[in-house]
Amino acid sequence: MFRISNTLVGFLNILTLFLSLAGMVGSAYIHFHKTDCLKVLMYPLLFGTIFIFVVSILGITGSLFRINEALYAYLLASFFVILGFMLFTVFALFVTNKVVAEKVSDKGIQQYRVENFSPWLQQYVINDKNWNDIKSCLVDVGLCQRNISFEQVGCCQPPVQCGFTMKNETFWEVPRTGPAVNDTDCRTWKNREKILCYDCNSCKGQVLANIRKQWRYLTIFNVCVLIILTTIYVLGCYAIRKNPIHQHQHLEYHSYGITHHDIGIR
């Protein structure tokens, strides 16, 4: 039975090894993908998969080669990796709590407000350095030169409540009487390709919504990884208990002809 346990643990760790390699490739793709300006998944995905890679190597070595020292190291490392994934999953759920978008037109256009997101997520994204980097990237990839979707409206068009008249997708005429409402986004909008509404709260809110969605995907991935790692961890505990730890000692005793009767045990 212990052979089955060791083989199963080794096989499952081979699967997690390939999973970690796929995660590293995904992280590299995000890094070099020019049109992805957020890259919020890159570092969590990279560090998580590196830990899984190391743990998988220990698991394969310990289970397939019957090296109990490697199995003990594997179980210890697995415990901390599982704990880390659990804490990160709880943290991700906390910072991506439910956010309700405000409907601002009959066409189904919705607008997110920055203040509706968690303070940590706001501070992480809406600070001078990070936001300037994100804004420069959005301009460089020509976000507002494409067919504008509902997700791009917040950055590429002035808010609907401003009452501006559209001349084309990126040029809007301000009424002579001024904006229909006293909104900072209405004053922030500029008919210049590199400005538009990139500094508007509506744009920042939409970016936060996209980041929240990506972190939700990462949370689902973390839960799946947790289930797999916990299952392998339990099997690893069973395998190390069933491994013949004292087999070498028994062979050594018998090689010298030592038996229970020789030492007076009755």
Side-chain angles (χ1 to χ4, degrees), residues 5-6 8-33 36 38-65 67-99 117-127 129-130 133 207-241 243:
S5 298
N6 277 280
L8 184 57
V9 170
F11 175 74
L12 291 175
N13 273 284
I14 290 174
L15 291 181
T16 58
L17 180 68
F18 283 111
L19 179 66
S20 66
L21 291 174
M24 292 179 192
V25 172
S27 179
Y29 174 80
I30 293 173
H31 177 73
F32 292 106
H33 195 213
D36 187 356
L38 305 181
K39 302 185 187 300
V40 292
L41 299 183
M42 183 173 67
Y43 290 114
L45 185 61
L46 177 62
F47 293 138
T49 51
I50 287 176
F51 289 136
I52 294 174
F53 178 83
V54 174
V55 169
S56 299
I57 292 294
L58 288 173
I60 293 170
T61 304
S63 57
L64 296 185
F65 295 97
I67 301 176
N68 283 326
E69 290 78 7
L71 268 180
Y72 278 120
Y74 162 73
L75 293 177
L76 180 63
S78 294
F79 173 78
F80 286 108
V81 169
I82 290 172
L83 181 62
F85 267 81
M86 288 179 62
L87 293 176
F88 183 81
T89 301
V90 172
F91 173 75
L93 288 172
F94 175 75
V95 300
T96 58
N97 54 349
K98 185 177 180 181
V99 176
F117 294 87
S118 68
W120 184 90
L121 199 59
Q122 292 182 44
Q123 181 60 32
Y124 177 72
V125 178
I126 312 302
N127 60 67
K129 180 183 184 305
N130 287 347
D133 291 343
V207 169
L208 285 171
N210 291 339
I211 290 177
R212 176 183 177 274
K213 182 168 64 174
Q214 291 189 19
W215 275 55
R216 283 290 181 179
Y217 292 149
L218 182 61
T219 303
I220 295 172
F221 173 78
N222 281 350
V223 171
C224 295
V225 171
L226 268 174
I227 294 173
I228 295 173
L229 291 180
T230 304
T231 302
I232 301 175
Y233 179 81
V234 172
L235 290 173
C237 292
Y238 182 80
I240 202 169
R241 290 183 59 187
N243 275 354

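These numbers were taken from a predicted model, which means no experiment stands behind them.
- Below 30°, between 30° and 60°, or above 60°: for F88 and F91 the angle between ring planes is between 30° and 60°, a tilted geometry.
- Taking every heavy atom of both residues into account, L226 and I82 meet most closely at CD2-O, 3.5 Å.
- Take T49 and apply the side-chain hydrogen bond (donor to acceptor under 3.5 Å, both in side chains) test, not counting sequence neighbours, and it matches no residue.
- For the atom pair CZ (F80) and CZ (F85), the distance works out to 15.5 Å, reported to the nearest 0.5 Å.
- The distance from atom CZ of F11 to atom CD1 of I232, rounded to the nearest 0.5 Å, is 10.5 Å.
- Counting heavy atoms from C-beta outward, V125 and N130 have side chains that stay 4.5 Å or more apart.
- Between T230 atom OG1 and L235 atom CG the span is 11.0 Å, to the nearest 0.5 Å.
- Here the closest non-hydrogen pair linking L93 and R216 is CD2-NH1, 3.4 Å.
- In this structure, N13 contributes its side chain and L58 its backbone to no donor-acceptor pair below 3.5 Å.
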Let's go through L208 and I126 carefully: what are the C-alpha distance in whole Å and the side-chain angles of both, what is the deciding distance for side-chain contact (heavy atoms from CB on, under 4.5 Å) to 0.1 Å, and is it a yes or a no?
CA-CA 9 Å; L208 285 171; I126 312 302; 4.2 Å; yes
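- The shortest distance between side-chain heavy atoms of Q122 and N127 does not fall below 4.5 Å.
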Working note: M24 + L45, criterion side-chain contact (heavy atoms from CB on, under 4.5 Å); need CA distance, chi angles, decisive distance, verdict.
CA-CA 7 Å; M24 292 179 192; L45 185 61; over 6 Å; no
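- L71 has its side chain within reach of Y74: a pair of non-hydrogen atoms, C-beta onward, lies under 4.5 Å apart.
- Counting heavy atoms from C-beta outward, I60 and I14 have side chains that approach closer than 4.5 Å.
- Side-chain contact between Y124 and V95: absent, with no pair of heavy atoms (C-beta onward) separated by less than 4.5 Å.
- Residues V81 and V54 form no side-chain contact, since every pair of their non-hydrogen atoms from C-beta on lies 4.5 Å or further apart.
- Heavy atoms from other residues, nucleotides or ligands lying under 6.0 Å from CE of M86 number 12 at most.
- Scanning for side-chain hydrogen bond (donor to acceptor under 3.5 Å, both in side chains) contacts around Y29 gives H33, with sequence neighbours left out.
- Taking the side chain to side chain contact (heavy atoms under 4.5 Å, CB included) definition, one finds that L75 meets it with Y233, C237, I240, sequence neighbours left out.
- Residues T61 and I57 have side chains in contact (heavy-atom distance under 4.5 Å, counting atoms from C-beta outward).
- In this structure, S20 and L17 have side chains that are in contact, with non-hydrogen atoms separated by less than 4.5 Å.
- Between the T219 side chain and the W215 main chain, a donor and an acceptor come within less than 3.5 Å of each other.
- Taking each heavy atom of H31 and M42 in turn, the nearest pair found is CB-SD, 3.3 Å.
- With rounding to the nearest 0.5 angstrom, the CG atom of L121 is 10.5 Å from the CD atom of Q123.
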